[in-house]
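Reminder, nothing fancy here: chain letters follow the sequence lines and each chain counts from 1. Keep in mind that the numbers below use all heavy atoms, side chains included, and drop hydrogens, waters and symmetry copies.
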Protein chains: 2
Amino acid sequence: MTIKEVCEKYDITADTLRYYERVGVIPEVTRTPGGIRDYQETDIAWVENAICFRDAGMPVEMLIEYVKLYQEGDSTIDARTNLLKEAREYILEARKKYDIALKKLDYKIGRYEIAQKTGVLTWTCDEDDKKKG
Amino acid sequence: MTIKEVCEKYDITADTLRYYERVGVIPEVTRTPGGIRDYQETDIAWVENAICFRDAGMPVEMLIEYVKLYQEGDSTIDARTNLLKEAREYILEARKKYDIALKKLDYKIGRYEIAQKTGVLTWTCDEDDKKKG
DNA sequence: TCTTGACTTAGAGTTAACTCCAAGTTGTAA
DNA sequence: TTACAACTTGGAGTTAACTCTAAGTCAAGA
């Protein structure tokens, strides 16, 4: 699979894919004899992982660390497990914050919709919220 | 409340608080006659909102837009409601990605823990996952 | 009053994560 | 075999969101 095909499949730029490889977010990609990237299933699986975890806000540094450990072989299984668990906490923590924001948003939207329907800003029970918009 | 107290309360730097005010993520904060920031309840409510939505990955630009609309008065209620709904979609979308990453992590952690317990990398049913680490 | 530490501003610098550029190479189609 | 698009690299540039610096002002205690 060419870099272009991978780009299109995952809606990501070629520059980003090359950047990921250069800094070690993914291991080195398989090449043609001429030196052109030819993504195999395994390469693509790494790309998929990288995108998935970056989408979840994981820092590039953490992904690099994981790939480095992976390349050191079986002796790093413990370290990798720990890293994955750390990542898990990281994501759970972040998701908690998303839920709080969502709750706040739903509350605000509800009030604004009442204001729209009635044509007036009718809230009176929550001066603080009224003041802060 | 002084800037220092607000910093400590929300675990955020004074620089960030001043930055938020400067670029309009929050409206201008109440000052003492000498020009020193003296956060009132309303100011703090804005700070809380800013932190909450930034924590949920909302871009600063979006918060600035909201504050701008808020300051333009009641005529912008529709626009504000739309902005809030857009923010809601944004966060829901992001959270979906967090859930996907979490699922992937849980799967990997499960397999690594088996490897740790048995002392061997025993997975055989999923060559692809094995290869990609 | 003087000192000292926290505050102020404008503006420059930093960091993470890309994103772009120039100059050269590869591979396919005519 | 020549054109030409798509690829390659190293390195510079960009963007968002802070973070720091310098030079000065404010305010509480000795």
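- Residue B:Val60 places its side chain closer to D:dA17 than to any other of C:dT19, D:dT9, D:dA17.
- Heavy atoms of B:Arg18 sit under 4.0 angstrom from at least one base atom.
- B:Thr32 has no side-chain polar atom (N or O) that falls below the 4.0 Å cut-off from OP1 or OP2 of D:dC26.
- For an aromatic pair to be called close, the ring centres must be under 6.0 Å apart, and B:Tyr70 with B:Trp46 satisfies this.
- Among the nucleotides D:dT8, D:dA17, C:dA17, the one closest to the side chain of B:Tyr19 is D:dA17.
- Between C:dT19, D:dC18, C:dT8, one nucleotide has an atom nearer to the side chain of B:Arg31 than all others, and that is C:dT8.
- Side-chain proximity of A:Thr16 to C:dC18, D:dT19, C:dT9: nearest is C:dC18.
- Here the C1' atom of nucleotide D:dA27 and the NZ atom of B:Lys4 are 14 Å apart, to the nearest Å.
- Rounding to whole angstrom units, CD1 of residue B:Ile36 and P of C:dC7 are separated by 8 Å.
- Of all heavy-atom pairs between A:Gly57 and A:Tyr90, the closest is O-OH, 3.2 Å.
- The distance between atom CZ of B:Arg22 and atom P of D:dC18, rounded to the nearest whole Å, is 12 Å.
- Rounded to whole Å, atom P of D:dT19 lies 11 Å from atom CG of B:Asp11.
- For the pair B:Thr2 and C:dA6, the criterion of a side-chain N or O lying under 4.0 Å from OP1 or OP2 is not met.
- Distance B:Phe53 CZ to D:dA17 C1': 18 Å, rounded to the nearest Å.
- A:Thr30 and A:Asp43 share a donor-acceptor pair across their side chains, judged by distance under 3.5 Å alone.
- One interatomic measurement links the two molecules: OH of B:Tyr10 to P of D:dC18, which rounds to 17 Å at whole-angstrom precision.
- Closest-nucleotide positions on DNA chain D for B:Gly34 and A:Glu21 were compared, and the one nearer the 5' end corresponds to A:Glu21.
- Remark: C1' of D:dC18 and CG of B:Asp55 are 14 Å apart, rounded to the nearest angstrom.
- Taking atom CG of residue B:Asp15 and atom P of nucleotide C:dG13, one finds them 16 Å apart after rounding to whole Å.
- Contact between B:Val67 and B:Gly24 at its shortest, heavy atoms only, is CB-O, 3.4 Å.
- The number of heavy-atom neighbours closer than 6.0 Å to CD of B:Glu28, taken from other residues, nucleotides and ligands shown, is 12 or below.
- Using a 4.0 Å heavy-atom distance criterion, A:Arg54 is classed as a sugar-phosphate-only contact.
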